[in-house]
Novice: 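First the structure, then my questions, so here it is.
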Amino acid sequence: MISVVDKYFSLNRILLLIVGLWPYQKSKLARLHSFCCISIIVTFIIFQFTTFLTTKCTTDHIIKIFALSSGISAFVIKYNSFCVNSNTIKNLMEQLQCIYDDIMDKNEITIIDRYADIAKRYTITFTICLCCSISVVTVVQLWPDFDIILSANKSRSYRLQVSTEYFMDQEKYYYLLLLHINLALYMGLTVLVATGLMLLAFLYHACGMFEIASYRIKNAIDIYISSIKLKNKSLVCKGLIYGVYIHRKAMMFSDYLISRFEISFMFLIVVSVINLSLNTFRLFQMLSSSTYNIEELLITLISTGICFIYMFLANFIGQEITDHYDLIFATAYKVQWYITPLYIQNFILFLLLRGNKYFGLNVGGLFVGSLPCFASLANASLSFFIV
């Protein structure tokens, strides 16, 4: 028996292991690793808010703190959601394993492999982008030190570019504080990429299941047409039943995933809109100014880009789920149902009537993952930025 985890989720497993979120790893050492990861991120947020105790609370300072802390809080939300739903992740894996074991047709295996490859390409691409982002930020931070080494006459004032208050001398403990900030940011980015790509891979497998359902409906009618003289009714009925069966399994799979992560998704939507608005405003401020710090500009650009891309991908996969759900009804409409017996025509008719009901990734009854939803969220962010 082929393991779905080894075949489709090998890179996802590595990313989740790095941040201590792989659900099959429950040893004491793994739990300690998980606790250390979340502690680093949470303490960074705390040390950002402690600046209000020692610095005057101007509007610019408040916006600067919340622009970064809102993004970091998204990392915490994602981390906690995966910690709480570790059994859900295992359950989804088991469901995919059962579905894969039931697939015997070579064409159906090809379909599910194609969607798994799409998810793998996303995983590889964003993992490379993550490594490049970490490398660029690290080089930008350490570049002044290289200048000092190359030119002995130069001196550097050690000051953290991220607003934090550790209640200790920043120049004396500069590299220690910088290590904590970088660990929090890099850990948070890895959490965002690892968890997001895992959910994306699950939903792309659901898209593959929807396409298999369409293939089974079409194949069942083609079997009847090719063997109309033999009147092979049992194969036709089995094909139609199996098509509807996997279609319902795909719906249940998608609904189960969304229902388990619904609360965290609601918080993420609110945080994402706030984060995008504040970072867009910060970016506009810095570019309008004659002088700005390259490190702050880089952090703001990365934060804005990540938020925008994440919102787009979340709604894009929601649109893909809706489109693939509708595919079976488009297939049922296009096949030569009119030459089939009356009972098959009635079956197709009931199937088409079911297509009148909308299906999508519904979050809290307020948001449905789709491209129009992404446009609405982006418009809301832009409106807050203008205000």
Side-chain angles (χ1 to χ4, degrees), residues 1-27 29-31 33-34 37-38 41 74-101 103 109 111-134 186-209 250 253-254 256-258 260-261 264-265 268 306 309-318 320-321 324 361 369:
M1 184 179 69
I2 298 174
S3 172
V4 169
V5 174
D6 294 334
K7 187 174 182 180
Y8 298 135
F9 296 95
S10 54
L11 185 54
N12 299 91
R13 177 174 58 189
I14 294 170
L15 290 171
L16 290 174
L17 281 171
I18 290 172
V19 292
L21 285 176
W22 184 243
Y24 296 96
Q25 200 80 7
K26 289 298 180 181
S27 64
L29 184 61
R31 290 176 181 175
H33 178 206
S34 179
C37 290
I38 191 63
I41 300 172
F75 303 156
V76 177
I77 293 169
K78 291 289 290 185
Y79 200 96
N80 287 333
S81 67
F82 261 65
C83 285
V84 171
N85 290 294
S86 60
N87 289 330
T88 301
I89 301 299
K90 288 194 286 187
N91 196 1
L92 290 168
M93 288 285 192
E94 290 167 4
Q95 289 185 43
L96 284 179
Q97 186 67 60
C98 291
I99 291 166
Y100 187 83
D101 293 340
I103 296 174
I109 294 174
I111 290 171
I112 204 72
D113 284 344
R114 176 157 50 87
Y115 282 93
D117 287 340
I118 294 173
K120 277 185 180 179
R121 284 196 291 270
Y122 272 110
T123 305
I124 293 169
T125 301
F126 280 99
T127 303
I128 293 172
C129 290
L130 173 66
C131 295
C132 291
S133 299
I134 290 174
Y186 298 163
M187 194 70 67
L189 289 173
T190 308
V191 168
L192 198 67
V193 170
T195 56
L197 290 174
M198 192 68 183
L199 297 178
L200 189 75
F202 280 139
L203 292 172
Y204 262 111
H205 279 82
C207 290
M209 291 156 63
F253 182 87
S254 303
Y256 177 72
L257 187 152
I258 294 299
R260 294 295 179 175
F261 289 91
S264 63
F265 286 162
L268 279 173
I306 289 171
I309 292 170
Y310 202 87
M311 285 172 59
F312 174 77
L313 282 178
N315 285 281
F316 177 76
I317 191 60
E320 287 280 276
I321 289 289
H324 282 78
L361 302 181

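Owing to the predicted nature of the structure, the values given are computational and were not obtained by experimental measurement.
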Novice: Could you tell me which non-hydrogen atom of L11 sits nearest to which non-hydrogen atom of I124, and how far apart they are?
Specialist: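 In terms of heavy atoms, the two residues are closest at CD2-CG1, 3.8 Å.
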
Novice: T125 side chain to R121 main-chain N or O, any donor-acceptor pair under 3.5 Å?
Specialist: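 Yes: the side chain of T125 pairs with the backbone of R121.
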
Novice: To check you understand the geometry: which heavy-atom pair defines the closest contact between M209 and I112, and what is its length?
Specialist: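 It is N-CD1, 4.2 Å.
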
Novice: Please check if the side chain of S34 supplies one atom and the backbone of R31 the other of a donor-acceptor pair under 3.5 Å.
Specialist: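 No; judged by distance alone, with no hydrogens or angles, the pair does not exist.
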
Novice: Going from CG on L92 to CZ on F202, what distance comes out if it is rounded to the nearest 0.5 angstrom?
Specialist: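 Rounded to the nearest 0.5 Å, the CG-CZ separation comes out at 5.0 Å.
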
Novice: Can you list everything that forms a ring-ring contact (aromatic ring centres under 6.0 Å, His included) with H205? Sequence neighbours excluded, please.
Specialist: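 For H205 the ring-ring contact (aromatic ring centres under 6.0 Å, His included) partners, ignoring immediate neighbours, are Y8, F9.
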
Novice: Taking all atoms of both residues into account, what is the closest heavy-atom pair of C37 and M187, and its distance?
Specialist: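 Scanning both residues, the minimum pair turns out to be SG-SD, 3.7 Å.
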
Novice: When rounded to the nearest 0.5 angstrom, what distance separates CZ in F75 from CD1 in I38?
Specialist: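 Interatomic distance, F75 CZ to I38 CD1, rounded to 0.5 Å: 11.0 Å.
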
Novice: Kindly compute the distance separating CD1 (I77) from CG (L268), expressed to the nearest 0.5 Å.
Specialist: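 Here the interatomic distance stands at 5.0 Å.
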
Novice: Output the distance between atom SG (C129) and atom CG (L189), rounded to the nearest 0.5 Å.
Specialist: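 Going from SG on C129 over to CG on L189, the span is 11.5 Å.
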
Novice: List the atom of A250, the atom of A206, and the distance in Å for their closest heavy-atom pair.
Specialist: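 Looking at all heavy atoms of both residues, the closest pair is CB-O, 3.9 Å.
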
Novice: Kindly indicate whether the side chain of K78, heavy atoms from C-beta on, has any atom under 4.5 Å from the side chain of L199.
Specialist: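 Touching, per the 4.5 Å side-chain cut-off.
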
Novice: Can you measure from CG (L257) to CG (L203) and round to the nearest 0.5 angstrom?
Specialist: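 Atom-to-atom, L257:CG and L203:CG are 5.5 Å apart.
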
Novice: Do L130 and L192 have side chains that get closer than 4.5 Å, going by heavy atoms?
Specialist: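 Of all side-chain heavy-atom pairs linking L192 with L130, none is under 4.5 Å.
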
Novice: Is there a side-chain contact between F82 and V191 (heavy atoms, below 4.5 Å)?
Specialist: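 A side-chain contact under 4.5 Å is absent here.
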
Novice: Hey, does R13 have a side-chain heavy atom less than 4.5 Å from the side chain of V5?
Specialist: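 Contact flag for V5/R13 side chains = yes.
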
Novice: C207 and I321: which non-hydrogen atoms are nearest, and at how many Å?
Specialist: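 Minimum heavy-atom separation between C207 and I321: SG-CD1, 3.7 Å.
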
Novice: Is it true that a side-chain atom of N315 and a backbone atom of M311 form a donor plus acceptor pair closer than 3.5 Å?
Specialist: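 Yes, the answer is positive, given that a donor and an acceptor are paired below the 3.5 Å cut-off.
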
Novice: With no hydrogens and no angle check, do the side chains of Y79 and T195 hold a donor and an acceptor under 3.5 Å apart?
Specialist: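 Looking only at side-chain atoms, T195 and Y79 do not form any donor-acceptor pair under 3.5 Å.
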
Novice: Output the distance between atom NZ (K120) and atom OG1 (T127), rounded to the nearest 0.5 Å.
Specialist: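 Taking NZ in K120 and OG1 in T127, the distance rounds to 13.0 Å.
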
Novice: Is the shortest side-chain heavy-atom distance between F265 and L361 below 4.5 Å?
Specialist: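 Counting from C-beta outward, F265 and L361 never come under 4.5 Å.
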
Novice: Heavy-atom distance under 4.5 Å between the side chains of L15 and F126, does that happen here?
Specialist: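 No, every pair of side-chain atoms sits at 4.5 Å or beyond.
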
Novice: Give the minimum heavy-atom separation between Y256 and N91, together with the two atoms involved.
Specialist: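 For Y256 versus N91, the nearest heavy atoms are OH-ND2, 3.0 Å.
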
Novice: With a cut-off of 3.5 Å and sequence neighbours excluded, list every side-chain donor-acceptor pair involving residues 17-24.
Specialist:
none

Novice: Does any non-hydrogen side-chain atom of D117 lie less than 4.5 Å from one of R114?
Specialist: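 Heavy-atom side-chain distance check fails, nothing below 4.5 Å.
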
